[in-house]
Amino acid sequence: MESSDIRNDLTEILVTEAEIHAKLRELAARIDADYAGKDPLLVGVLKGAVVTMADLSRALSIHVETDWMAVSSYGSSTKSSGVVQIRKDLDTDLAGRHVLIVEDIIDSGLTLSWLLENFASRGAASLEVCALLRKPDAAKVEIDCKYVGFDIPSDFVVGYGLDYDERYRNLRDVAILAPHVYETAS
Ligand code: PRP
């Protein structure tokens, strides 16, 4: 491997690209059935959900619309407090819409907890969550997530949209980041 190869920074591939795609096909089949005739609005939460949204939405057979939110975060204190700041709001009026939030990961659950409350006040006809990954041991609040890909341990994971310091989002698998990467970071 070249020294610049991303894979040098990983200790373990946790979920392979093939496993992710198989799981997204399963979830898409459920979503196709549950939302038939409802023209749901898929809301992706930037930036991590970009890759999940791209693959999940293309695995669907039904008509959907997509929109994006950018939220948070002014550092770790924001995350632990659960106070979220909107950086980019939706372009779409949620009134009467069937909304499915698409996330790459539920970690503490604080982001989604805030988003669900915020969206609930906008008059959506229904509101559900689809998350590729969930860390049950890291939950600070319980999130009612109808479509979950994989429950994973609370390791530092990157890839498939997930970053460390904005890098690794382009890794095709979900992998555990080697401690030497963040322990030597300044
Ligand atoms: C990640 C992820 C979720 C959130 C989950 O986003 O995409 O939105 O954290 O964490 P929580 O359950 O503890 O709230 P992040 O804030 O890292 O931004 P990014 O998507 O731009 O990487």
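Indexing begins at 1, ligand by ligand and atom by atom, following the structure's order. Side chains included, hydrogens not; waters and symmetry mates left out as well; all remaining heavy atoms used.
The distance from ligand 1 to the heavy atoms of Asp163 drops below 4.0 Å at these ligand atoms: 22 (O). In summary, the atoms of ligand 1 found under 4.0 Å from a heavy atom of Glu103, numbered by their order in the structure, are 2 (C), 3 (C), 7 (O), 8 (O). Listed by number with element, the atoms of ligand 1 under 4.0 Å from a non-hydrogen atom of Ser108 are 11 (P), 12 (O), 13 (O), 14 (O). Proximity to Leu110 (heavy-atom distance under 4.0 Å) selects the following atoms of ligand 1: 12 (O), 14 (O). Interface atoms of ligand 1 facing Leu46, defined by a heavy-atom separation under 4.0 Å, are 20 (O), 21 (O). Near Gly109, meaning under 4.0 Å from one of its heavy atoms, ligand 1 places the atoms 11 (P), 12 (O), 13 (O).
By the 4.0 Å heavy-atom criterion, Arg169 is counted among the residues contacting ligand 1.
Partner of Arg122 under the side-chain contact (heavy atoms from CB on, under 4.5 Å) criterion, chosen from Leu94, Thr92, Asp93: Leu94. With Val157 as the fixed residue, the side-chain contact (heavy atoms from CB on, under 4.5 Å) test singles out one of Ile105, Asp107, Leu177, Asp104: Ile105.
When heavy-atom distances to ligand 1 are checked against a 4.0 Å cut-off, Thr111 comes that close through both its backbone and its side chain.
Using a cut-off of 4.0 Å between Lys/Arg side-chain N and Asp/Glu carboxylate O, Lys88 and Asp91 are scored as salt-bridged.
With 3.5 Å as the limit, one finds a donor-acceptor pair spanning the side chains of Asp55 and Tyr160.
The environment of His63 atom NE2 is sparse: at most 12 non-hydrogen atoms of other residues, nucleotides or ligands sit within 6.0 angstrom. Atom CG of Asp165 has more than 12 heavy atoms from other residues, nucleotides or ligands within 6.0 Å.
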Taking distance alone, no hydrogens or angles, what donor-acceptor pairs closer than 3.5 Å link side-chain atoms of residues 34-54 to residues at least two apart or in another chain?
from: Asp34; atom 1: OD2; to: Tyr147; atom 2: OH; distance (Å): 2.6
from: Lys47; atom 1: NZ; to: Glu166; atom 2: OE1; distance (Å): 3.1

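For Ala49, no nitrogen or oxygen atom sits less than 3.5 Å from a nitrogen or oxygen atom of ligand 1, counting backbone and side chain alike. Considering backbone and side-chain atoms alike, Ile105 places every N or O at 3.5 Å or more from each N or O of ligand 1.
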